[in-house]
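Chain letters run A, B, ... following the sequence lines, proteins first, then strands; residues in each count from 1.
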Amino acid sequence: MKNKGIRCESSELSLVSHQVDIDQAFSQNDDDEKSTCLESPELHPWQQSAQPSPLGPQQLSEDCLQALSPRLCDAMENLSNREEGSAHPLPSTPLLPRTPPLPSTPLLPSTPPLPSTPPLPSSPFLRRRRRSKEDLEPICSTPKSEEDPVSQRLQQRRRSQADPLKRVLLTTQMKNQFAALNAPKKDTSQIEGPSIANSYGFKISMQNLQEAKALHEVQHLTLMGMELHARTRRDLEPDPEFDPICALFYCLSSDAPLPDADSSQLTGAIVVDKDHESCDPGHRATAPLLVRSGVSGLQVKYATDEKVLFQELIAVFRRFDPDVLLGYEVQMRSWGYLLQRAAALGVNLCQQLSRVPGDSKENRFDAERDEYGADTMTEINIIGRITLNLWRVMKTEAALNNYTFENVAFHFLHQRFPLYTPRTLSDWFDHNTHLYRWKAVDHYVCRVRGTMQLLQQQDVIGRTSELARVFGIQFLHVLTRGSQYRVESMMLRVAKPLNYIPVTPSVQQRAQQRAPQCIPLVMEPESRFYSNSVVVLDFQSLYPSIVIAYNYCYSTCLGHVDSLGMPDEFRFGCTSLRVPPDLLYQLRNDITVSPNGIVFIKSSVRRGVLPSMLEEILNTRIMVKQSMKTYKQDKALMKLLHARQLGLKLIANVTFGYTAANYSGRMPCVEVGDSIVHKARETLERAIKMVNDTKKWGARVVYGDTDSLFVLLKGATKEQAFKIGNEIAEAVTATNPKPVKLKFEKVYLPCVLQTKKRYVGYMYESLDQKEPVFDAKGIETVRRDGCPAVSKVLERSIKLLFESRDISQVKRFVQHQCMKVLDGRASMQDLTFAKEYRGSSSYRPGACVPALELSRRMMAYDRRLEPRVSERVPYVIVYGMPGLPLIQLVRRPLEVLQDPGLRLNATYYITKQILPPLARMFHLIGVDVFSWYQELPRVRRREMRFQNVFLSDLCNIGAVRMSDGARKATST
DNA sequence: AGCGCATCCTAG
DNA sequence: TAAGCTAGGATGCGCT
């Protein structure tokens, strides 16, 4: 079986066909590590520029080179090297500062597997510039009003070369993009993670949902994305109170051609240039600002000051009349900043950008960041236009480790975008060498286009419109309002024709409602490794099905049996109910009683509102699923339909939540909610009993949660498992009223059931599926509250176990990874945690959590840096006193910390983070993972030193000792 | 050391 | 201001 000696060429370890000698693969990785962990020694096809510049930098005249800053020269040399196919950096010489490639500080998101645009191992350049005062001068943030004659001359001389230069710069941009499919994989991350598919670490596969547009009619919507550049002070973030807007970049897009334009997409800019009036387009030296920088392909307008810029923007609005205003981070980088800046200058821009300029009450924005506004995306309110804060939308699209533009673009667009500090961008924009301004402009244009691309690729507008139509609510409310609003919208449409009026309980009434008495069934699993087939079945939309099947509704509920038969009113939901005894007598044969003793009328007497509504939703969902079968080959359409049916499923499921809502509920009713839960529980229990009692299946239920059954079929082959699984599903379905349906989901072979809500297995969903899919629930591989190293090591170990069943391989692997950590050969990103910041007011006084502590420090540093509510705050654990780990913020993962070098607490990472989850998993097969660690040589360092670490600008915030915060809070 | 509590994120 | 639900595991801190 083992095929020794096959070299792992692409370093893609397919664990499915496990033919790679693990040791060899490891040693090869070790080789790579010595050079650099982040780089590939070879240029991949997509890295090479499509059009090599005809004029290489070496052809530039010497004085021209001198005119450029040393940095640019270096960068260009670097480029030329790369174009010759030697992207590999020179071995590092301690004497010379290393030179960064053009996008000098590309952001590497949580997984750094790509060999593109390599951040050279050490690039002290930026730091040096910042530290030396003389150096600071030429690239300081304050623009020089006049250029010295020499530089003007040089500019003229360079004029002819501007275009080739631009092309050189452009090729870097091209290299930044890559085609995922044909690029060979290069696992550059130090901690070896999963290797089945998804080799780049993308969480999202590429599919353009807009391709499914055939379905849509033209919506005649115009979108306008905007990103602006402000002149910042030193290392501070832009602040509209102080920092003027220098330029504003926008991207317009419509599904029909734009007015006065031949295409449906357009990128433009409005630039402040106080000398613009004196510009002479005929002469290069005095040409408009961006022309001097070699920018073309943009619709550029110039303004002599910010107020004129506002006027120009209003003109753009008049011309294109955008329906949707888009920004990746609206508040500080886009529309929010614009409005706040305008307000600071005494201009009420909000009014003038709206479609109803006269309404000063409704046209508003919150200058102060407030948690409610941030949370609900209602910070900005411009009548007639919708403002979208894209990062918040993306948060609902996928569970990522962080939602920076760079990381989201990496996972969704499969593109790398560099991240620059505001200071770098300010320096570039105001630099005497006009070419630098090109870089800044290019940066913003890429981002504003990238933001638009994200929106379009995910078809956010299309899907949101779809949900708005399905629920019958406004577009913006789909994004800003909760699920009660959706349920009510649908429910009231059904209720009104039937002449029902919804109850509106007061806060007191709601609080007085009796407590719920039923909870769903969660079995304690038989926790062990299962080498036999385990079939997973679950009830399709169980709660909604039960509501339909048993006619459970507010309008059909008669209350508890014990309360009936009396003429008096009794407590019911948030209010009370009276059921006349003689009426009850009349109905005596038309009632059902739920397992918890609540009486409901049969649908033959009165069809409930909830049941009819849910039936409609489920039927629609079935229709959608059927059309998915019809269009199976159209992947994009499939995904769209999938999203639609998911939306329907969601609303079906939260309908139960509506009845059971306790503290925020607008019309809760425990009786109804409890009945649903209890009936579901009884249904599941009946199914479990049936499976266990039917001898011919030879089956035993080993786990179940709410609506699912895990059935062990001892000795059954995969084929038999599918057959029996389907039989069970049919048999159980037959014993339940329509539309309650038990569905065969998957076969696990093998699997591990760890605890309640935590399990993992190799999954087969159909008989003809050859390769299993790694499917994990609840364990660390799917959680985002550990560091990536944890999930990577765990996932790989489990796969090794499943495939080889050879524990010595797992042991070797785990020990190898521990050594890497101990030797400081691990990548920082694998050791970076990220936790959500909930906003300062939502923590208990004295709370002591990293996200909160770090936020406090950030505020002390620069008030603009406080994380947004629900933003994820990244940090690492640095070396501290034993048992008292320090945390350190990692804000911009690409800033380079030179010295003294960051010291991460290796012992903490291994013994507290990586090993415990492994131990829990492997304990189940009788293996003591910690003893593997004990066997490692003791001489190893207990800290990891990172000399060339990509760290934050904010290192000067310093590490935080976690108990400090708590002590402070309790003492005051 | 053991308990209670807060926090985070996931399953359903 | 508006805000579907509960169960569950795991970690880390403070207190006894």
Side-chain angles (χ1 to χ4, degrees), chain A residues 366 370-373 375-378 399 401 477 480-488 491 507 510 515-525 527 536 538-539 541-543 649-668 670 672-674 676-677 680-681 684 703-709 745 754-759 776-786 790-791 833-838 842-853 870 872-873 877 883-885 887 908 912-913 916-917 919-920 961-967 969-970:
Chain A
D366 300 326
D370 93 42
E371 279 159 22
Y372 167 70
D375 207 40
T376 53
M377 302 193 284
T378 51
N401 243 338
H477 288 168
T480 57
R481 302 291 301 263
S483 41
Q484 292 202 78
Y485 188 75
R486 300 176 180 192
V487 172
E488 276 177 7
M491 187 177 69
V507 180
R510 191 203 295 148
Q517 292 164 340
C518 309
I519 55 167
L521 174 65
V522 185
M523 287 174 69
E524 191 63 56
S527 86
V536 181
D538 61 22
F539 285 98
S541 306
L542 182 58
Y543 286 4
K649 184 182 176 175
L650 209 76
I651 187 78
N653 284 338
V654 298
T655 302
F656 158 74
Y658 185 86
T659 66
N662 54 10
Y663 73 103
S664 64
R666 288 164 54 87
M667 194 175 71
V670 259
V672 176
D674 259 6
I676 296 171
V677 174
R681 187 183 173 115
L684 182 65
Y703 178 57
D705 182 347
T706 312
D707 61 353
S708 65
L709 290 169
E745 271 285 309
Q754 200 175 60
T755 60
K756 287 175 174 179
K757 298 182 191 284
R758 293 183 158 228
Y759 53 87
K777 294 286 156 75
I779 62 172
E780 284 74 5
T781 56
V782 293
R783 295 183 67 89
R784 292 174 297 163
D785 48 359
V790 175
S791 46
F833 298 82
K835 302 257 170 83
E836 198 171 287
Y837 175 60
R838 298 204 323 262
S842 73
Y843 289 92
R844 289 277 134 75
C848 177
V849 286
L852 180 61
E853 280 309 307
S870 89
R872 293 173 67 85
V873 180
I877 306 291
L884 199 59
I887 56 175
Y908 172 86
K912 294 283 184 182
Q913 292 293 326
R920 277 194 292 278
R961 176 169 291 131
M962 273 316 295
S963 357
D964 279 358
R967 218 171 287 146
T970 42

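- Going from atom OH of A/Y843 over to atom P of C/dG12 covers 16 Å, rounded to whole Å.
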Less than 3.5 Å apart, which donor and acceptor atoms pair up between the side chains of residues 655-668 of chain A and the rest of the protein, not counting sequence neighbours?
from   : atom 1 : to     : atom 2 : distance (Å)
A/T655 : OG1    : A/I651 : O      : 2.7
A/Y658 : OH     : A/E488 : OE2    : 2.6
A/T659 : OG1    : A/F656 : O      : 2.7
A/R666 : NE     : A/E488 : OE1    : 3.0
A/R666 : NE     : A/E488 : OE2    : 2.6
A/R666 : NH2    : A/E488 : OE1    : 3.0

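- When the P atom of C/dT6 is taken as reference, atom CD1 of A/I676 falls 14 Å away, rounded to whole Å.
- Look at the C1' atom in both B/dG12 and C/dG4: the space between them is 14 Å, to the nearest Å.
- Note on A/Y908: a side-chain N or O is less than 4.0 Å away from OP1 or OP2 of C/dG12.
- Looking at heavy-atom distances under 4.0 Å, A/N662 makes contact with sugar-phosphate atoms alone, never a base.
- Taking every side-chain heavy atom of A/K912 into account, C/dG12 is the closest of C/dG12, C/dC5, C/dA10.
- Residue A/Y703 holds its OH atom at 11.0 Å from CZ of A/R758, rounded to the nearest 0.5 Å.
- For A/R481 and C/dA3, the shortest distance from a side-chain N or O to OP1 or OP2 is below 4.0 Å.
- Atom C1' of nucleotide C/dA2 and atom CZ of A/R510 are separated by 10 Å, given to the nearest angstrom.
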Check nucleotides 10-12 of chain B against the protein and report each pair of N or O atoms closer than 3.5 Å, with its distance, or say if there are none.
from   : atom 1 : to     : atom 2 : distance (Å)
B/dT10 : OP1    : A/V782 : O      : 3.3
B/dT10 : OP1    : A/R784 : N      : 3.2
B/dT10 : OP1    : A/R784 : NE     : 3.1
B/dT10 : OP2    : A/R784 : NH2    : 3.1
B/dT10 : O4'    : A/R783 : NH1    : 3.3
B/dA11 : OP1    : A/G778 : N      : 2.8
B/dA11 : N3     : A/K757 : NZ     : 3.2
B/dG12 : OP1    : A/Y759 : OH     : 2.5
B/dG12 : O3'    : A/D705 : O      : 3.3
B/dG12 : O3'    : A/D707 : OD1    : 2.5

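- Spacing between atom CD of A/E836 and atom C1' of B/dA6 amounts to 16 Å, rounded to whole angstrom units.
- The residue A/P516 sits apart from the nucleic acid: no heavy atom pair falls under 4.0 Å.
- A/L521 contributes atom CG, which lies 5.0 Å from atom CZ of A/R681 (distance to the nearest 0.5 angstrom).
- Atom P of nucleotide C/dG8 and atom CD of A/Q754 are separated by 16 Å, given to the nearest angstrom.
- Taking a 6.0 Å sphere around NZ of A/K649, one finds it holds 12 or fewer heavy atoms contributed by other residues, nucleotides or ligands.
- Here the side chain of A/Q913 is nearest to one of C/dG8, B/dC9, C/dG12, namely C/dG12.
- Rounded to whole angstrom, the span from the OH atom of A/Y485 across to the C1' atom of C/dG4 amounts to 16 Å.
- Atom OH in A/Y663 sits roughly 10 Å away from atom P in C/dA3 (whole-Å rounding).
- Applying the 4.0 Å criterion to OP1 and OP2 of C/dG14, one finds that A/R844 has every side-chain N and O outside that range.
- Residue A/R920 places its side chain closer to C/dT11 than to any other of C/dT11, C/dA3, B/dC9.
- Applying the salt bridge (charged side-chain N to carboxylate O under 4.0 Å, His left out) criterion to A/D538, with sequence neighbours excluded, gives no partner residue.
- In terms of modelled atom types and a separation under 3.5 Å, the side chain of A/R481 and the main chain of A/R486 share no donor-acceptor contact.
- A perpendicular orientation is assigned to the rings of A/H477 and A/Y485, their planes being inclined by more than 60° (bins at 30° and 60°).
- Spacing between atom CZ of A/F833 and atom C1' of C/dG12 amounts to 12 Å, rounded to whole angstrom units.
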